[in-house]
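Below is the structure I would like to discuss, written out as structure tokens.
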Amino acid sequence: MKNFSNSYIFLFSAVMVVVVAAGLSVTALALKSRQEKNTRIETKRNILSALGISSSAEDAENLFDQYIRRGMVVDASGNEVSGKEYDDATVASGEFPLYEAAIEGRPVFVIPLNGKGLWGKIWGYAAISEDGNTLYGVTFSHAGETPGLGAEIATPEFQAQFRGKKIFDSSGAFAGIRVLKSGSYVPDDHSVDAVSGGTITSNGLRDMVYSSLRPYVPFFEVIKSR
Amino acid sequence: MDTGSTKNRALVSKAINKDNPVVVQVLGICSALAVTVKLEPAMVMAISVTMVIACSNLIISALRNLIPSSIRIIVQLVVISTLVILVDQVLKAYSYEVSKQLSVYVGLIITNCIVMGRLEAFAMSNKPLPSFLDGIGNGLGYAWILITVAFFRELLGSGSLLGYQIVPQAFYEAGYHDNGLMIMPAMALILVGCIIWIHRLRNPELMED
């Protein structure tokens, strides 16, 4: 192999970097709109799935428009902030976005959840019935939980357990949902059976449901008294 | 010309069988464990890796006389990572579901030892066409192992293939259970072990003492 001068090495590196950077930027720009569309559809499918509606990549946008009445924003005391949409850049801290859906004419509220599992982010949506207490349905996704263990939170079987559970305990205090291991699990209105072998993911899920729904408690009180 | 094409064919067949990157060179095991729970992601992973190896071999081989040897590893890495990012972007745009399932493993193709191994061992010292074929061969060698492992793991672990239910409902009613162990990464290692076992039985010259 030939010996190359230092200036050749620098020149080679510089040209390589420029060519690669240009190539990647062009690809990223060219594919951006398709990728964003995929993410948008994915979000809508998640929201629909929290409402118990299964959708495909093709019909998600139509179904979403059909079932979701509007996006809204509530403040810390549970009152709606007028004139703001779910995705508004103007949603300030202390203001919380949600969707209002209509299932068979009854309102259902879809609230975004964000938390962390064992390896990374977990997220999802919780649909709350008009009594402000009963879970109508949930959906969870994860970035990279262990397949077969923590990743089971994304299965319909696991998520079906949440349907009909209550987020306020019998004394009326906000309690979230307990995720209990098989040994200590007794079926009641407030707990679900955890994923075996996925303790940290299950705990992360419990914390996510609690902390993500917590700011909406005043809003739940408002709809409860309606 | 005739000897040339035989040689080229041997490049591909050798990598698939006697010099298989997974079962003989024992490279790329990590992703073989991670993406073989279901058949579909395994197939996409196999195609992606094959593309990356073949194209990076081709590019590096074409540039091999221009690359200063003092920075050759960096150049190889830049080429591999560029191709991997391209694959990742294309999957996100055209095969979103699968890209979600493969998640971080697409990015980890960069660290797949087979890719850099072939660049250093073959592409740096051979012409573009044989290098490209060597890449295809090694990619296919990796692919068939991945697909075989995924086939058994999905069939026995979930009772389905490519997401379609194969084991009939009547079996479950008669008391059949999917083997939950198949879903665990450890089972992939055991299956790869079984493949190595059978492969050695058929190729006794590969057996170590």
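Each chain gets a letter, A, B and so on, in the order the sequences are listed, and its residues count up from 1.
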- Using a 4.5 Å cut-off on heavy atoms from C-beta on, say whether the side chain of B:Leu66 contacts that of A:Tyr8. yes

- Options B:Thr82, B:Ile85, B:Ile74, ranked by heavy-atom pairs under 4.5 Å with chain A, top entry: B:Thr82

- Task: Taking atom CH2 of B:Trp144 as the centre, report whether more than 12 heavy atoms of other residues, nucleotides or ligands fall under 6.0 Å from it.
- Result: yes

- Query: Take atom NZ in A:Lys121; do more than 12 heavy atoms of anything else shown fall under 6.0 Å from it?
  - Reply: no

- Query: Is the number of heavy atoms from other residues, nucleotides or ligands under 6.0 Å of B:Met51 CE greater than 12?
  - Reply: no

- Message: At a 4.5 Å cut-off on heavy atoms, which part of B:Val79 comes close to chain A: side chain, backbone, both, or neither?
- Response: neither

- Item | Closest heavy-atom pair and its distance - B:Ala93, A:Arg34 | O-NE, 3.1 Å

- Query: Counting heavy atoms not belonging to B:Ile71, are there more than 12 under 6.0 Å from its CD1?
  - Reply: yes

- Note on the structure: Cut-off 4.5 Å, heavy atoms of chain B, and the answer for A:Thr39 is both

- Message: Just checking A:Phe12: does its CZ atom have more than 12 heavy atoms from other residues, nucleotides or ligands closer to it than 6.0 angstrom?
- Response: yes

- Would you say A:Lys32 and B:Lys92 make side-chain contact, with heavy atoms under 4.5 Å? no

- Message: Quick check on the interface: out of A:Leu31, A:Ile41, A:Asn38, who has the most heavy-atom pairs with chain B under 4.5 Å?
- Response: A:Asn38

- With a 4.5 angstrom heavy-atom cut-off, could you sort out which part of B:Ser81 is near chain A: side chain, backbone, both or neither? neither

- Query: Roughly how far, to the nearest 0.5 Å, is CG of A:Leu24 from CG of B:Leu83?
  - Reply: 9.0 Å

- OH (B:Tyr172) with more than 12 external heavy atoms under 6.0 Å: yes

- Message: Check this for me: B:Phe171, atom CZ, are more than 12 non-hydrogen atoms of other residues, nucleotides or ligands nearer than 6.0 Å?
- Response: no

